[in-house]
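Heads up: the structure comes next, in structure tokens.
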Number of protein chains: 2
Amino acid sequence: MPRTEEAGTPGVDPEQLWLGSTKPRRGRKPTYSREAITAAAVALADAEGLEAVTIRKVAAAVGAGAMSLYSYAPDKETLLELMVDHVSGELPTANTPTGDWRAELKAIAHLQRAHMLRHPWLPAALAGRRIPGPNTLAFLERALATLRPTGLDGAAKLEVFAQLTAFVAGHVAHEIAGAAALQSPDRIAAEVRYLTAVAADGRHPELAEALAAPGRPLTPEATFTRFLNRLIDGLDTD
Amino acid sequence: MPRTEEAGTPGVDPEQLWLGSTKPRRGRKPTYSREAITAAAVALADAEGLEAVTIRKVAAAVGAGAMSLYSYAPDKETLLELMVDHVSGELPTANTPTGDWRAELKAIAHLQRAHMLRHPWLPAALAGRRIPGPNTLAFLERALATLRPTGLDGAAKLEVFAQLTAFVAGHVAHEIAGAAALQSPDRIAAEVRYLTAVAADGRHPELAEALAAPGRPLTPEATFTRFLNRLIDGLDTD
DNA sequence: TCGTTATCCGTACGATGTACGAGAATAGCC
DNA sequence: GGCTATTCTCGTACATCGTACGGATAACGA
């Protein structure tokens, strides 16, 4: 990327991106569409990972020349933004109040986890993103509605949602890394050899003991639920 | 990166990396050192961000030709691994049991947060990393010692540490993104305009209300402490 | 019809990670 | 001291990336 990036990361302008008027009444008609391009990029990321999403490959997937994409998004960073919001459209936004906001919030987190497992590139793409697009806003709306009975003020409710999302993303990133490691038997074998060697060096008694008495292996699902419940049950309305 | 990356990401081999013998008794003597190269890479990342860490720039920083780095680390991924463990050496490993393991665990998390704020590239570099190097292991040892009074089994203790680290990394990543946005006044102005425009469109009543009644602004420090306390106070020994 | 304005995209540039292999330096063995 | 094996050094080269540039193409308003 030859961009010099000297000033403090101007980033993507959400006003331009999501509120930009669709005025062009003159000129050649677009052959493709932002929708189709974004969908192609998402399909690529789902199938081959985020690093497979290159301007050229996405363009080829929709049958366009590479440079044509720049009529639909000013740069790749913006394309990522579009991808994130695109898949957020899969999240159900209908809230069904049950009187138990904690249970509803847990359900929201479980939805997010399933969503991120379906699109394993999401945790990485989400990192450092601040401004939600329309689909993300719709889901945020649901979360805010769920938090209404807490009586928290606006900033606190937004913070709860941000922290919850960060927590889920962090967990899923870890979960995915673990699952990927399990796919290669010699890799886990090397990891086990390494850890046991370290545990045997005498300078890591706690680790040695932890490895010696591992207990019942934990499923990611169970671990996630456990920590999520701790986090949410501890949430207070003060 | 011309690497095709077809098979399921072999990743870095921790055995080779951390336990590899230093046998070479013959041949030309190394001009540089893994230490110096890693330190230069860390300095670069601290000063200019993770994307400024390129093989060529790191090599130039130590006065070497680009390809010379490959005598010290087999690839860039490994260099990242070295960087992560290098800065982990700054973390204090001495545990002072106070009888209150929850307070000690909170202190550990606060140490991690300060550490990541000092090296803002850490949360990103940490993502998906599974196997701790020697310095990280020393810190893990401290965490395990702290968790000893809980009576949790080995796997559970390791999981608590992993989840705690993921939580802190997620929070700090979010915190850093927010701080970066604050550096550019026109950027936050655009964000505010965007959100108020969305709130005014009538289809986001909850967001509109949250923005209208923001409450007292929250410092990152306070938010972190709040959620951390919730997470840890909810931890049980069963 | 003509000028204005978009979109389309071939070409090209500067970076990047790293494969290759020729040179240079060191150590053990005769 | 010379030979040889071994290791480190790094110039060159290549595939691939994001994207600037500008000409060609197409659609509208006048």
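Per chain, numbering begins at 1; letters A, B, ... match sequence-line order. Fair warning: this is a prediction, and the values are worked out from it, not measured in the lab.
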With both pairing distances under 3.5 angstrom for Watson-Crick or G-U wobble, and | for a partner in another strand, the correct string for DNA chain D is |||||||.||||||||||||||||.|||||

Between A:T223 and B:Q163, do the side chains contain an N or O donor and an N or O acceptor separated by less than 3.5 Å? no

Would you say the side-chain atoms of B:T78 pair up with the backbone N or O of B:P74, donor to acceptor, closer than 3.5 Å?
no

Handout entry: Residues B:S88 and B:D85: side-chain donor-acceptor under 3.5 angstrom
Key = no

With the threshold set at 4.0 Å, does a side-chain nitrogen-carboxylate oxygen contact exist between B:R130 and B:E81?
no

Between CD1 of A:I55 and P of C:dC9 the distance, given in whole Å, is 14 Å

So OG1 of B:T196 and CD of B:E191: to nearest 0.5 Å the spacing works out to 11.5 Å

### Query
Does C:dA6 have OP1 or OP2 sitting under 4.0 Å from an N or O in the side chain of A:Y32?
no

A:L44 atom CG is separated from D:dC17 atom P, nearest whole Å, by 11 Å

From CD of B:E77 across to C1' of C:dG17 the rounded distance in Å is 13 Å

The contact string for nucleotides 22-30 of chain C, one letter per nucleotide 5' to 3', using protein heavy atoms under 4.0 Å with B, S and - for base, sugar-phosphate only and none, comes out as -BBBBBS--

Quick one: is D:dC8 close enough that its OP1 or OP2 comes under 4.0 Å of any side-chain N or O from B:Y72? no

Among the nucleotides C:dC8, D:dT19, C:dG17, whichever has the atom closest to the side chain of B:K76 is C:dG17

Report yes or no: do A:D46 and A:H119 form a side-chain donor-acceptor pair below 3.5 Å? yes

Q) Do B:E141 and B:T93 get their side chains close enough for a donor-acceptor pair, meaning under 3.5 Å? A) no

- Evaluate the criterion salt bridge (Lys or Arg N to Asp or Glu O under 4.0 Å) for residue pair B:R142 and A:E206; output intermediate values, then yes/no. CA-CA 8 Å; B:R142 170 181 178 167; A:E206 303 285 346; over 6 Å; no

- Answer yes or no: does a side-chain N or O of A:T54 lie under 4.0 Å from OP1 or OP2 of D:dC17? yes

*In terms of side-chain geometry, is the basic nitrogen of B:E77 or B:R129 positioned less than 4.0 Å from the acidic oxygen of its partner?*
yes

Rounded to whole Å, NZ of B:K57 lies from C1' of C:dG14 at a distance of 12 Å

Atom CZ of A:R56 and atom P of D:dT19 are separated, to the nearest Å, by 11 Å

Between the NE2 atom in B:H115 and the CG atom in B:L122, the distance rounded to the nearest 0.5 Å is 5.5 Å

(request) Fit a plane to each ring of B:F224 and B:H171, take the angle between them on a 0 to 90° scale, and name the class: parallel (under 30°), tilted (30 to 60°) or perpendicular (over 60°). (result) tilted

Ordered by number, residues from residues 63-71 of chain B within less than 4.0 Å of DNA chain D (heavy atoms) are B:A64, B:G65, B:M67, B:S68, B:S71

